[in-house]
Amino acid sequence: MGRTDKGPLFLPALTAVPGRTKREAENAMARLEATADPGVMPANLSFYLGCDASGFALDEPLPPLPPSNASRSAQDRLVAEARADNLTVREPALRQDRASTLVGSATEAADHIREWFETRAADGFTVIPPYLPGALDSFVDLVVPETERRGLLWPVRDGAMLRDRLGPERPAHRVPARSAMEDA
């Protein structure tokens with residue numbers, strides 16, 4: 001089946017905490033988790049649970065949850081993990097953030113990017129650093145050179161539009177040229 005070259009482009013979000021080594025990246029992620037804003041955790045957890053977690057005490061067990069129209073399988077998995085591992089509300093919030101973050105060496109990050117390109121799961125990525133400026137600096141200093149070395153990045157050409165670089169057809173202009181009323 002597969003995708004055609006003419007279809008829409010897929011540019012998924014890529015949140016990464018890269019390091020020169022896996023250990024360095026893990027240490028950076030641990031520092032990030034240790035300084036996570038407690039006010040943000042319930043909002044993130046609300047998204048994953050499909051219910052308002054703003055009233056949950058972060059250092060208490062996960063309370064019974066109301067029914068949700070969000071992803072029941074995601075909610076059921078999180079609740080089962082929390083109950084099985086006797087987690088506090090804070091811990092599943094941190095686990096979910098970690099699960100959606102690429103934590104590893106520049107080589108591991110480039111391997112991930114290459115795999116997504118080769119399997120046509122992505123045409124590029126929207127890089128979302130989890131904190132600024134450090135995570136973005138690390139990505140630029142460590143991952144970008146590795147992806148360039150592997151030929152995964154196109155060279156930047158001055159003046160080229162993203163559309164020109166990625167290749168989709170330019171849509172027809174929807175606004176008509178000047179009308180006769182403008183000439184009057």
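With rounding to the nearest 0.5 Å, the separation of CG in Leu102 from CE in Met29 is 10.5 Å. To the nearest 0.5 Å, the span separating OH on Tyr48 from CG on Asp97 amounts to 5.0 Å. One finds the CD atom of Glu81 at 11.5 Å from the CG atom of Asp76 (value rounded to the nearest 0.5 Å). Atoms CG and OG, on Asn44 and Ser100 in that order, are 8.5 Å from each other to the nearest 0.5 Å.
Taking the side chain as every heavy atom from C-beta outward, Arg31 and Val17 never approach each other to under 4.5 Å. Using a 4.5 Å heavy-atom threshold, the side chains of Pro129 and Phe139 count as separate. Under the 4.5 Å side-chain criterion, counting only non-hydrogen atoms from C-beta, Val79 is in contact with Leu62.
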Legend entry - Full working for side chain to side chain contact (heavy atoms under 4.5 Å, CB included) between Thr15 and Phe125: CA-CA 10 Å; Thr15 300; Phe125 292 92; over 6 Å; no

Inset, instruction - Evaluate the criterion side chain to side chain contact (heavy atoms under 4.5 Å, CB included) for residue pair Asn27 and Arg23; output intermediate values, then yes/no. - result: CA-CA 6 Å; Asn27 289 341; Arg23 179 178 293 282; 3.8 Å; yes

Inset, instruction - List the steps and the verdict of salt bridge (charged side-chain N to carboxylate O under 4.0 Å, His left out) for Glu91 and Arg95. - result: CA-CA 6 Å; Glu91 292 164 317; Arg95 280 187 182 185; over 6 Å; no

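Under the side chain to side chain donor-acceptor pair (under 3.5 Å) criterion, Ser105 pairs with Glu108, sequence neighbours left out.
Panel note: side chain Arg20, backbone Leu142; no donor-acceptor pair is recorded below 3.5 Å. At distances below 3.5 Å, at least one donor-acceptor pair connects side-chain atoms of Ser46 with backbone N or O atoms of Ala53.
The minimum heavy-atom distance between Leu11 and Asp123, with the atom names listed, is CD2-C, 3.9 Å. Counting all heavy atoms, side chain and backbone alike, Pro42 lies closest to Ser54 at CB-CA, 3.8 Å. Residues Ala121 and Phe10 share a closest heavy-atom pair of O-CB, 4.0 Å. Closest heavy-atom contact between Val89 and Pro92: O-CD, 3.2 Å. Contact record, Ala16 with Pro130: O-CD, 3.5 Å, taken as the closest heavy-atom pair. The minimum heavy-atom distance linking Pro18 with Ala25 is given by the pair C-CB, 3.9 Å.
Sequence neighbours left out, the pairs with a member in residues 32-58 that pass salt bridge (charged side-chain N to carboxylate O under 4.0 Å, His left out) are Glu33-Arg98.
Follow the hydrophobic side-chain contacts under 4.5 Å out from Val144 and you never reach Leu136; the two are in separate clusters. The same ILVMFWY cluster, assembled from side-chain heavy atoms under 4.5 Å apart, contains both Leu152 and Leu14. Hydrophobic clustering (side-chain heavy atoms under 4.5 Å, transitive across Ile, Leu, Val, Met, Phe, Trp, Tyr) keeps Val140 apart from Ile113. Linking ILVMFWY residues whenever their side-chain heavy atoms come closer than 4.5 Å, directly or via other members, leaves Leu58 and Leu32 in distinct clusters. A continuous path of Ile, Leu, Val, Met, Phe, Trp and Tyr side chains, each step under 4.5 Å between heavy atoms, connects Met41 with Leu78, placing both in one hydrophobic cluster.
Taking the charged nitrogens against the carboxylate oxygens, Arg149 and Glu146 do have a contact shorter than 4.0 Å, which makes a salt bridge.
In Phe47, the CZ atom is not crowded: 12 or fewer heavy atoms of neighbouring residues, nucleotides or ligands sit closer than 6.0 Å.
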